[in-house]
Amino acid sequence: MFPYPSGAGLHVGHPEGYTATDILARYKRALGHNVLHPMGWDAFGLPAEQYAIKTRQHPRQTTEQNIATFKRQIKSLGFSYDWTREIDTTDPKYFKWTQWIFLRLYNSWFNPETNRAEPISTLRYPPELEGDSSNVGQASRLSQSSKENSKDGDRRDACPAESESARRAYRDSKRLAYVTEAPVWWCESLGTVLANEEVVDGKSEVGDFPVVRKPMRQWMLRITAYAERLLNDLETIDWSHSLKEMQRNWIGRSEGAEVDFEVAGSSRCDDRTPQRGVPTDKIRVFTTRPDTLFGATYMVLAPEHKIVDVITTSEQRAAVEAYKAEVSRKSDLERTELAKEKTGVFTGAYAINPAIDPNDPLWPNQHRIPVWIADYVLASYGTGAIMAVPSHDERDMEFALKFEIPTQNVVMPPDDWLRHNFGPSTNVPKDVQEIYRTAIEELRETYSHTNAYFGQKAFVGEGTAINSANAEISLDGLPTPEAKKKITGWLESKGLGKRTINYKLRDWLFSRQRYWGEPFPIVWKQDAGGNWFHEALPESALPVLPPPLDDYKPTPDGQPPLARAKDWVNLPDGSRRETNTMPQWAGSCWYYLRYLDAKNDQTFCGGAAEKYWMGAAAVQPSPDSTIQRFNDSTKPGVDLYVGGTEHAVLHLLYARFWHKVLFDLGCVSTPEPFFKLVNQGLILGEDNQKMSKARGNVVNPDDMVNEYGADAFRLYEMFLGPLQDAKPWSTKGVVGVYKFLGRVWRLFVDEESDTEFEQAETIANTQRPEAPNLLELIKLRPGIEDTPPSPAQLKTLHACIRKVTEDLDHLRFNTAIAAMMVFVNDAITWETKPCFVLRDFLILLHPFAPHLAEELCAKLHSEFPTPTSALSYAPWPKYDPALLVEDTLEIPVQVNGKLRDVIKVPADASQQQLESAALASEKVKQFIQGKTVKKVIVVPRKLVNIVVG
RNA sequence: GCCCGCGUGGCGGAAUUGGCAGACGCGCUAGAUUCAGGUUCUAGUGAUUAACAUCGUACAGGUUCAAAUCCUGUCGCGGGCACCA
C-alpha cells in the first residue's frame, strides 16, 4: 500500500484494495502467520507539485497536509497497519536510499555476456582505449596516433588527458544511468520532460497538456538492457493475464532480421556528396518477414534517417527537403493523427535487392528498387529504414497504391483467404470476381502470376513461399516459418544480414526539470580541455537535500528550478551540482523493500529482513496455512500486491527493472519483486461512469463512514462484486450490508436493553457530556447459552467456516460475505444459541467488520469467558468435514436432459439404487410412459438422466 | 485497424469448473407491528400461461446423455496498443 496523497483526499476506490488486504492480513494472522501490512506515502512528483503551485503553497506544506488527511481517513476505517513502518518518499531518511540506489545504477553496466548488471569496474575497454588508467602519464596508442588537433599544446601533456577522457566517455556510455542528447517529450505547461510512458495520445498524462518532441540533454536509465529478462520472467510470477499482456506489448519483442541493401551505383546517384561518418553504400533495414525479401519492391527511409541527404539526387533534392521540412513541422500527435493518408517522396536513389538476380527473367529490373522517404517509417524503431513488401504488408500496400509502385506476391495465402477476399460478396474488381468462379487452383495460379495490386489487399499471414528463388537459393514451397529460417541463414552466410531481435521498449527518461523530486547525487566537472563531465558524489554525501527555494516553479525554457539556487549549485572546488531531479517513479520503485526494514539507517534494507520477508530464506509454512504461496520459499517476492491497473507499464515495469539490477548486484535475493499481483477493479459512480468531480458522481468515504460506520463501508466495498472487476457503487446497496450488521447485532443483543441504552445515551448527550460507560447497559439476549450445539447448528457453522475460509484463500470476498449472511439468517431462528458457535462466527466476521465483531466478542466474553478475549488474537476456526457429511441427498432426475423430479436418496446409494429410485418416480414415469428407455446416465451423488426415444 | 478480456432477472452479482441457472443482497409486491412514516418481521418475486407446461445465461450454429460453462461465426461492451516494419 503506497498511495499518492493527493489534495482531493481518499475516494472510495482507494479503500477497496486496502480493505481487501486488511481482511487478508487479519485472516492470515488468525492462521498464525507473521504478516507485514504497512502503509506509506508516495509523495514526490508532478501532481503534488502542481497542486502546491495552484494553491500557492510550498509542496512540503501541501504534502504534509495531504498525508495528514489521508492518514485520518485511512485510520477511520480501522485498517490493521503496522504504523511503525510508515515511510514517506520525501523524507530525507528515505530518499537518501533512493539516491543510493541511483548510485548503484550509475556505477554499473550491463554485461551482455553474463546477461546481468555488474560493477562498472569490471568493464573492459576496447583495444584502442586500453591503457593503465592509474598511470595517466603514459600515453596511449590512440592519443599517439590519431590526434592532429593537439598541435597547439604540449603533445605529451595533452595525450594522457585525451586518453582518459576517451576512456571516460566510453565508460559513461555503458553505465545503466547515462546522459544523452536525444529527442524527448517536452511539456511546456508542466515545464519538464516526460517519459514515453507518461505521454498519452500526444498529451501529458498529468494534466493533459500538449507535449512536443525536442532534443535535450537528459539522464536515461538503460531499462532496454533488461528487455529480455523483463519479458521472460513474467512467466515466473502470478499476475493477471491482461497485465502480463500489457507488459509484453509494451516491451514489444519482435524477431526478424537485419538486411543490408546496397545503394545502386553511379548512374542515378552520381551527385552524391560524401559525408563523414555516414556509410554511403548501404541501407540496413529491419524486417520480421525476411521470407518476403523477394517481394520487396521499394524501400522507405524515415525522413530523419542520416543517409537521406547523402543519397538524394539533385533533381529530387528540392522535393525531399520540402518533405522533410513539412514532417519536422508536424508534431508527433499530428503525425499519428493524420496517419490515414500515406505521404512520401522519392529520393531519386535506387537500392539493390540482394536476393534477386539482376537478370532474372521473371521480373526484369526488380533487383533495382526505388528508395523513398515517408513518415510512416519511424526513425526511432529498428534501423529507421524498411524494405517495403506491398503484397504482404498493409501499410506498404497502401503506400504502393497511392504512388503506383509495383507489387510482387511471394507468399501463397491459404485457400480460405483467397476465397474470402476474392469471393463475389466482397467489393473487389470484376476481373477478380471472374477469377473466383474458377477453380481454386486457378485462383492460386493467378495469385502467383499477378504482379498487380491483387484485390488491393495485402496478405500478411503465414502461407507458403512462392516466386522466391535465385541461382543460389529457393524458398518456394516452404511454409513461412521455415522460409524465414532459410533466407536468414543464406543472408548470414553471404554477410548480407543477420537474425535480430528488436524491442519497442525504450530507455527510461529519468530526469525532470522540476523542484519536487530527489536531487541527483551527481556533480559536473570540467576537464583540462574545458569539457564538462559528470561524476558521482560519494555515499557519504547522501542524502543530497534540495536547496530551500522561494520560487520553486518550473521555467518555460527547461532550466530546472534548482539552477536558481546558485549557492547550492556551485561548489567550492568549481564543480557544479546536477540540477535535474528524479521522476516520481524513483521513490516508488523500491518502497516495498524499505517496508521490510524501515528504520535501518545503515543500509536501504538489511539482508536478514529482506531474506525473511521476501521469502528467499527457508521459512516453514504454518501447518494451518491453506495458501501455500504465503511464505513459500519457491515463490519469492511480495506475497500479495493489490493495486490498480494504471501502473501496468509505469511503476510495475520500473520497479521490476530496479529490482533486477539490485538482484544482479547482490543487494536483494529474489529476481522479481512481486510474486502475486491482483488488480482491483475500478469502482464506478452510481451512473456507471468513472467517478470524477466533473460528473459529480464522487462518493466520499467520510460520508459513508458517518452514515453507516466503517464496518458497513468495508463490508460493502467487498460485497459489491469480485475484487478484480469494475463495478458501480450503489449507496442503496450499502443499506443491505448495514442491515446485515444490524441482524448480527440483534443475534447477540437483547433488544430491550438496547433501547434502554439508546435512551440513556440520548439523555447523556443532552445533559452530561461525561457519561459513564453506558455500553454496559447492553445485555446479551436470552437464549445464548453455554450448551452443546445441535448437529444442525454445527453443520450451519462449519459450512460457513468452510465457505469463508475457501473464499478468502481465493480473494472471493463477496461470496464469503454471502455465506455469513446465510449463517446469520439461520442462526437468528435458533431457540438457543450456543455461545461457542456464536464466538466462532465472530472470528469469521472480524476481518471484515472488526469494530462490531470485537464489541460483540467482548460482550460475549463478559458472560462466557474464553482464554483470549480479543478476536485479533483468536485462532481461525477449522471446519470439520465429518460434520458436513449429508446422510441423504436430493438428486435431480432428468428425462432427455430436462429436469423432471428431485428424489431423496441415502448419500451412499449405489448407481443401481439411484437408477431404480429415479425410474420409480411418479413424475418421471409420466415422461417415459410409452417410450423405450435407451440409456440411463447415473452420476453418483449428482444426478440421473434417463434417455428415452 | 490490431491484441486482450467480458456479455446471466428491473439492478449488483452466484453457480463445487460440463450435471437442479439465478445463492446472497438491492429493488418491487402483499401481509404483520405502528395513529402515521421509518425500522423490524413473514411470504412472494426470470418470462409466457388459468393451469399442465413451455421458453430462458448477447445472437446464430455445432459437440455432448447433459452447455451459462467446450468449439465456430456474428453483434455489443470494457481495457490496452496504435504506421513498431
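Each chain gets a letter, A, B and so on, in the order the sequences are listed, and its residues count up from 1.
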With respect to the side chain of [X], which nucleotide from [options] is positioned closest?
X      : options             : answer
A:D393 : B:C81, B:A85, B:A66 : B:A85
A:T288 : B:A85, B:G5, B:G13  : B:A85
A:K504 : B:C81, B:A53, B:G12 : B:C81
A:P892 : B:A85, B:C20, B:C4  : B:C20
A:F719 : B:C20, B:G12, B:G19 : B:G12
A:H241 : B:A85, B:C4, B:G19  : B:C4
A:A818 : B:G80, B:A85, B:A23 : B:A23
A:K935 : B:C20, B:C65, B:A53 : B:C65
A:Q894 : B:C20, B:G13, B:C41 : B:C20

Is it true that [X] and [Y] make a salt bridge, defined as a side-chain N closer than 4.0 Å to a carboxylate O?
X      : Y      : value
A:R781 : A:E751 : no
A:R499 : A:E255 : yes
A:E922 : A:K925 : yes
A:K795 : A:E886 : yes

Look at the side chain of A:K732 and the base of B:C11, then say whether one donor and one acceptor between them are separated by less than 3.5 Å.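 Answer is no: no donor-acceptor pair is held.
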Side chain of A:N249, base of B:C81: donor and acceptor closer than 3.5 Å?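 There is none.
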Measuring only the [atom1] atom in each nucleotide, how far is [N] from [M]? A whole number of Å is fine.
N     : M     : atom1 : answer
B:G9  : B:G56 : P     : 14 Å
B:G25 : B:G13 : C1'   : 9 Å
B:A68 : B:C6  : C1'   : 13 Å
B:G22 : B:U8  : C1'   : 8 Å
B:C83 : B:C75 : P     : 25 Å
B:G19 : B:C52 : C1'   : 26 Å
B:G10 : B:U57 : P     : 13 Å
B:A51 : B:U42 : C1'   : 27 Å

Does A:R656 make a cation-pi contact with A:W239 (under 6.0 Å, within 45 degrees of the axis)?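 The answer is yes; both the distance and angle limits are met.
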A:K342 to A:Y376 six-membered ring, cation-pi geometry met (6.0 Å, 45°):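 Judged by the rule (NZ or CZ under 6.0 Å from the ring centre, within 45° of its axis), A:K342 counts as positioned above A:Y376.
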Rounded to the Å, how far apart are A:E915 CD and B:G19 P?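 Rounding to the nearest Å, CD of A:E915 and P of B:G19 are 21 Å apart.
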I need the CG-P distance between A:L723 and B:G12, as an integer number of Å.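 These atoms are roughly 18 Å apart.
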Which residue, A:W250 or A:L943, contacts RNA chain B at a nucleotide closer to its 5' end, judged by nearest heavy atom?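 By nearest-heavy-atom nucleotide position, the 5'-most residue is A:L943.
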Closest-nucleotide 5' rank along RNA chain B - winner of A:V939 and A:V649: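 The residue mapped nearer the 5' terminus is A:V939.
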Is any side-chain N or O of [X] closer than 4.0 Å to OP1 or OP2 of [N]?
X      : N     : value
A:Y376 : B:A85 : no
A:N814 : B:G12 : no
A:N825 : B:G25 : yes
A:K898 : B:C55 : yes
A:K727 : B:C11 : no
A:R743 : B:G25 : yes
A:R900 : B:U54 : yes
A:T815 : B:A23 : no
A:R746 : B:C41 : yes

Where the chi angle of B:G25 falls, syn if within 90° of 0 and anti if not: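 B:G25: anti glycosidic orientation.
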Which way is the base of B:U8 turned, syn or anti, if we draw the line at 90° from 0?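 Glycosidic conformation of B:U8: anti.
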Flag yes if more than 12 heavy atoms outside A:R743 fall under 6.0 Å of its CZ atom; otherwise flag no.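 Correct, the count exceeds 12.
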Go ahead and name the base partner of B:A43; Watson-Crick or wobble counts if both distances stay under 3.5 Å, otherwise write none.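 Because both required distances fall under 3.5 Å, B:A43 counts as paired with B:U29.
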Scan every strand shown for a Watson-Crick or G-U wobble partner of B:A67, both distances under 3.5 Å, and answer none if you come up empty.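 Answer to the pairing question: none, since B:A67 forms no Watson-Crick or G-U pair.
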Does the side chain of A:T224 pick up a donor-acceptor pair with the side chain of A:D507 at under 3.5 Å?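 There is such a pair (donor and acceptor under 3.5 Å, judged by atom type) between the side chains of A:T224 and A:D507.
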